[in-house]
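So the structure is just underneath, and the comments pick up after that.
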Amino acid sequence: GQLRSDADIYVQLARPGSAYWEKKSGKGVFEALQDLNLIKVEVLRPLILAVVCRFSQEEQLIFLHSLTSWAFRKKVVTGKLGSGEDERAYFNAAYRVNEGLARDTREVLRLLDIPDDTRFEMDFRTTNITARTARWVLGCLEDYFEGTGERITMWDQMTLEHVLPFSSAKLAQWPLFNSEQHRSLRQNIGNLTLLRKVPNERAGNGPFTKKSAAYARSALGITRQISQEADWSPDSIKCRAERLAAAAVKVWPWIHPGS
């Protein structure tokens with residue numbers, strides 16, 4: 001019956017990389033569910049289940065892309081998705097979808113607290129994110145800047161590169177940073193980029209002049225751009241974070257353009 005079918009789908013939501021989703025709902029839904037799983041949205045699964053079971057395939061894709069943007073914005077601004085008030089909103093939204101009271105993405109998102117562009121952009125500039133999430137974020141930004149429309153599907157197999165090295169062992173080679181600036185900026189999004197795991201893109205932990213030569217050889221525009229800097233300083237990190245934050249507002253809009 002319907003309950004058994006819903007239960008089977010709920011189990012599959014915990015396995016977004018399964019071929020089940022690409023076969024059932026297409027490549028777009030398959031990729032969107034993988035993105036959501038990366039952001040750790042277990043608390044949203046009842047809502048996702050309701051949408052996957054009740055919305056058309058086209059509307060599912062719009063919703064999942066929009067939910068990815070919303071969940072990422074929420075995590076950047078608040079650091080979490082699961083306060084008691086938030087959970088009540090998620091379950092209320094799931095209930096309304098199941099009862100036919102929320103019939104499309106816009107009606108669902110109106111039930112949720114969505115961080116606005118100004119707050120998201122401001123907080124993105126200073127966010128410190130985990131390595132795996134950072135690779136995904138930078139991969140999405142690379143797609144945006146290059147404008148090819150092609151998704152970097154292998155971003156999780158790339159090396160996350162800290163321009164200013166994460167370790168303080170060779171901080172003497174970075175005279176523009178003191179120890180406090182090193183601690184506060186090394187994991188900032190403005191200091192992070194991607195490198196492919198190939199010999200000519202190995203940057204090591206040397207000074208910026210040495211690393212910059214490796215960045216210039218990169219196949220990724222987001223990394224090559226760093227090589228145009230004359231040096232790397234706290235202001236360099238902050239300026240790059242501002243540029244990435246301005247793009248992030250467009251990469252993760254509050255609602256998917258197809259709605």
Side-chain angles (χ1 to χ4, degrees), residues 13 16 28-29 31-48 50-52 55 59-94 96-97 102 104-145 151-152 155-156 160 187-192 222 238 240-259:
L13 286 174
V29 169
E31 291 179 343
L33 286 170
Q34 288 183 301
D35 287 349
L36 281 165
N37 185 60
L38 179 76
I39 307 172
K40 305 292 185 186
V41 295
E42 291 85 352
V43 70
L44 293 171
R45 282 181 187 161
L47 174 55
I48 297 171
V51 166
V52 169
F55 284 7
E59 192 64 28
Q60 286 177 39
L61 185 56
I62 293 170
F63 174 80
L64 291 171
H65 280 306
S66 298
L67 190 65
T68 300
S69 292
W70 174 84
F72 182 57
R73 283 181 173 228
K74 187 81 171 173
K75 280 218 166 179
V76 166
V77 171
T78 69
K80 60 183 180 180
L81 292 172
S83 72
E85 185 176 343
D86 286 337
E87 289 190 31
R88 284 191 291 274
Y90 308 151
F91 283 107
N92 176 54
R96 294 182 70 81
V97 171
D104 60 27
T105 298
R106 285 185 177 273
E107 290 184 359
V108 174
L109 292 182
R110 287 194 190 104
L111 304 171
L112 305 178
D113 174 33
I114 303 170
D116 63 31
D117 288 353
T118 301
R119 179 73 185 277
F120 175 57
E121 182 174 349
M122 180 175 64
D123 287 354
F124 187 90
R125 296 174 189 172
T126 56
T127 189
N128 292 327
I129 51 182
T130 64
R132 181 168 170 78
T133 303
R135 286 194 292 268
W136 171 70
V137 168
L138 291 164
C140 292
L141 289 168
E142 167 71 6
D143 293 345
Y144 171 78
F145 286 126
R151 176 188 171 96
I152 295 181
W155 56 261
D156 57 339
L160 179 66
Q187 197 67 18
N188 181 275
I189 191 67
N191 189 54
L192 305 178
I222 199 171
K238 291 172 184 175
R240 184 166 179 266
E242 289 174 2
R243 177 172 175 261
L244 297 181
V249 171
K250 299 173 183 177
V251 175
W252 293 280
W254 79 270
I255 190 166
H256 191 264
S259 62

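Residue numbers start at 1 and run along the sequence shown.
Shortest non-hydrogen contact noted between Leu109 and Ile114 is O-CD1, 3.6 Å. Shown here for Ala247 and Leu141, the closest heavy-atom pair between the two residues is CB-CD2, 3.9 Å. Across all their heavy atoms, Ala94 and Ala50 have their closest contact at O-CB, 3.8 Å. A pairwise comparison of heavy atoms in Leu111 and Ala93 identifies CD1-CA, 3.7 Å as the closest pair. Listed here is the closest heavy atom pair of Ile189 and Arg240: O-NH1, 3.4 Å. When all heavy atoms of Phe55 and Ala102 are compared, the pair lying nearest together is CE1-O, 3.6 Å.
Put simply, the side chain of Phe145 reaches to within 4.5 Å of the side chain of Arg243, judged on heavy atoms. Inter-residue side-chain proximity for Leu61 and His65 is flagged as met; some heavy-atom pair is nearer than 4.5 Å. Proximity of Pro115 to Val76: side-chain heavy atoms (C-beta onward) are nowhere separated by under 4.5 Å. Between Leu160 and Leu138 there is a side-chain heavy-atom pair separated by less than 4.5 Å. Taking the side chain as every heavy atom from C-beta outward, Tyr90 and Ile48 never approach each other to under 4.5 Å. Residues Leu36 and Phe72 are not in side-chain contact: their nearest non-hydrogen atoms beyond the backbone lie 4.5 Å or more apart. Under the 4.5 Å side-chain criterion, counting only non-hydrogen atoms from C-beta, Ile62 is in contact with Ser66. When side chains are defined from C-beta on, Phe91 counts as touching Pro46, because their heavy atoms get closer than 4.5 Å.
How far OG1 of Thr118 is from CE of Met122: 8.0 Å, rounded to the nearest 0.5 Å. Residue Asp104 holds its CG atom at 11.0 Å from CZ of Phe63, rounded to the nearest 0.5 Å. To the nearest 0.5 angstrom, Leu64 atom CG is 11.0 Å from Ser69 atom OG. Atom CG of Leu33 is separated from atom CG of Leu67 by 9.5 Å, given to the nearest 0.5 angstrom. The line from CG of Leu192 to CG of Leu244 is 9.5 Å long, rounded to the nearest 0.5 Å. Taking CD of Glu87 as the reference point, atom CG of Leu44 lies at 9.5 Å (rounded to 0.5 Å).
Side chain of Glu121 to main chain of Ala245: no donor-acceptor pair is present (N/O by atom type, distance under 3.5 Å, no hydrogens or angles). The closest donor-acceptor contact from the side chain of Glu59 to the backbone of Thr105 lies under 3.5 Å. Here the side chain of Trp136 pairs no donor or acceptor atom with the backbone of Ile39 at under 3.5 angstrom. Between the side chain of Thr68 and the main chain of Asp35, no donor-acceptor pair closer than 3.5 Å is present.
With sequence neighbours left out, the salt bridge (charged side-chain N to carboxylate O under 4.0 Å, His left out) criterion links Asp116 to no other residue. Residues satisfying the salt bridge (charged side-chain N to carboxylate O under 4.0 Å, His left out) criterion with Asp117, sequence neighbours excluded, are Arg73.
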With a cut-off of 3.5 Å and sequence neighbours excluded, list every side-chain donor-acceptor pair involving residues 124-131.
unit_1 : atom_1 : unit_2 : atom_2 : d
Thr126 : OG1    : Asp123 : O      : 3.3
Asn128 : OD1    : Asn188 : N      : 3.3
Thr130 : OG1    : Thr133 : N      : 3.4
Thr130 : OG1    : Thr133 : OG1    : 3.0

